[in-house]
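Below is one structure, written out as structure tokens; the observations come after it.
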Amino acid sequence: MPEGHTIHRAARLQSAALAGAPVTASSPQGRFADGASLLDGRVLQGIEAVGKHLIYRFEDEVALHVHLGLFGRFDTHRNRVPDPRGSVRLRLAGHAATVDLRGPTTCEIIDLPDEERLMARLGPDPLRADADPERAWQRISRSRRAIGALLMDQSVLAGVGNVYRAEALHVEGLHPEREGRSLSRDEFDRLWTTIRGMLRDGERAGRIITVSAADAGVPRSRIPRGQRTYVYRQRQCRSCGAPVRAWEMAGRRAWACEQCQL
DNA sequence: AAGAATGTTATGTA
DNA sequence: CTACATAACATTCT
């Protein structure tokens, strides 16, 4: 489910619904009982998104760290709150909504040093105002690893996942196997800008939009399969019609049009 | 109903 | 020290 845009959107929406007042925290299946009781009744001060990580700041310097991983998701209930179904790790009830967290890869209470360690191992997040692209450029321009692998490395750049990797490299005409150090400064700058734009569109729309921002208001189901992405999970390149090559890279499936991407 | 999927980390190997 | 492969973990959907 989540690439960076999902996380930033969740931070914004949940901050509005939960922050500023004491929260009721529970762990319906008892899978996070200790954490939930520690959070219960505390005021949530705000939620911060960094890459694909979320940090919920509570009073008394108590913080909750959440990472959705591949399967995690949030269910937000604004009216009737249903009985928890499936594996709800944590339920947070606030003044405007109740949020269920299911299937996260990480859900833990952290202290300040933990938080600093986390921040230290994350590269710049293009969705954040404080992001410094220079840090990513330093890593990429000195690496002989493939750009397709570098983009997935959260210590190089935080927030990009498998879909944006495929789509952003396609838009920029870059082959995923190009060595990082072979990119010109100009190619890197464009790539950064494209990634940031895609993440922003995704955050605003609540889903991944890489082909046309005009699709933003259109429900995903109304967009024909072959038109949702350029190469990601496509058989043919949406730009030129050539067959899309798919192969394993950095542990995930990579997709590219070898006509358009060099 | 096996397998894939918008992810990360630890560990082993070269 | 770097790079790559593999396993492990989370859950839902086709």
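Proteins come first, then strands; the chains are lettered A, B, ... in the order of their sequence lines, and each starts at number 1.
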Donor-acceptor pair, side chain of [X] and main chain of [Y], under 3.5 angstrom:
| X | Y | answer |
| --- | --- | --- |
| A:Ser143 | A:Arg139 | no |
| A:Ser27 | A:Arg31 | yes |
| A:Arg145 | A:Leu150 | no |

Please evaluate residues A:His170 and A:Gln261 with respect to the criterion side chain to side chain donor-acceptor pair (under 3.5 Å), reporting the C-alpha separation (whole Å), side-chain torsions for both, the decisive distance (0.1 Å), and the verdict. CA-CA 6 Å; A:His170 177 82; A:Gln261 300 174 246; 3.1 Å; yes

Could you tell me whether A:Glu115 and A:Arg57 make a salt bridge, using a distance below 4.0 angstrom between a side-chain N and a carboxylate O? yes

What is the separation between atom [atom1] on [X] and atom [atom2] on [N], rounded to the nearest whole Å?
| X | N | atom1 | atom2 | answer |
| --- | --- | --- | --- | --- |
| A:Met152 | C:dA5 | CE | P | 14 Å |
| A:Arg89 | C:dT12 | CZ | P | 11 Å |
| A:Leu157 | B:dT8 | CG | P | 12 Å |
| A:Phe71 | C:dT11 | CZ | C1' | 6 Å |
| A:Leu70 | C:dA7 | CG | C1' | 15 Å |
| A:Leu118 | B:dT9 | CG | P | 9 Å |
| A:His53 | C:dA10 | NE2 | P | 18 Å |
| A:Leu68 | B:dG7 | CG | C1' | 10 Å |

Under 4.0 Å between a side-chain N or O of [X] and OP1 or OP2 of [N]?
| X | N | result |
| --- | --- | --- |
| A:Arg139 | C:dT2 | no |
| A:His67 | B:dT8 | yes |
| A:Thr105 | B:dT8 | no |
| A:Arg252 | B:dG7 | yes |
| A:Arg102 | C:dT12 | yes |

Any base atoms under 4.0 Å from A:Thr106, or only sugar-phosphate, or nothing? Heavy atoms, all strands. nothing

For A:Pro104, answer base if it contacts any base atom (sugar-phosphate contacts may also be present), sugar-phosphate if it contacts only those atoms, and nothing otherwise; contact means non-hydrogen atoms under 4.0 Å.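 If one applies the 4.0 Å heavy-atom cut-off, A:Pro104 turns out to touch the sugar-phosphate alone, with no base involved.
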
Taking atom P in both B:dG3 and C:dA7, what distance in whole Å separates the two? 14 Å

How are the rings of A:His5 and A:Tyr164 set to each other: parallel, tilted or perpendicular (split at 30° and 60°)?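 Rings of A:His5 and A:Tyr164: perpendicular, over 60°.
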
With the side chain of [X] defined as its heavy atoms from C-beta on, choose the nearest nucleotide among [options].
| X | options | value |
| --- | --- | --- |
| A:Arg253 | B:dA5, C:dA3, C:dA10 | B:dA5 |
| A:Arg121 | B:dG7, B:dT8, C:dT11 | B:dT8 |
| A:Gln154 | C:dC4, B:dT8, B:dG7 | B:dT8 |
| A:Arg145 | C:dA3, C:dA10, B:dT8 | C:dA3 |

Identify the nucleotide, in any strand shown, that forms a Watson-Crick or G-U wobble pair with C:dA10, with both distances under 3.5 Å; if there is none, say none. none

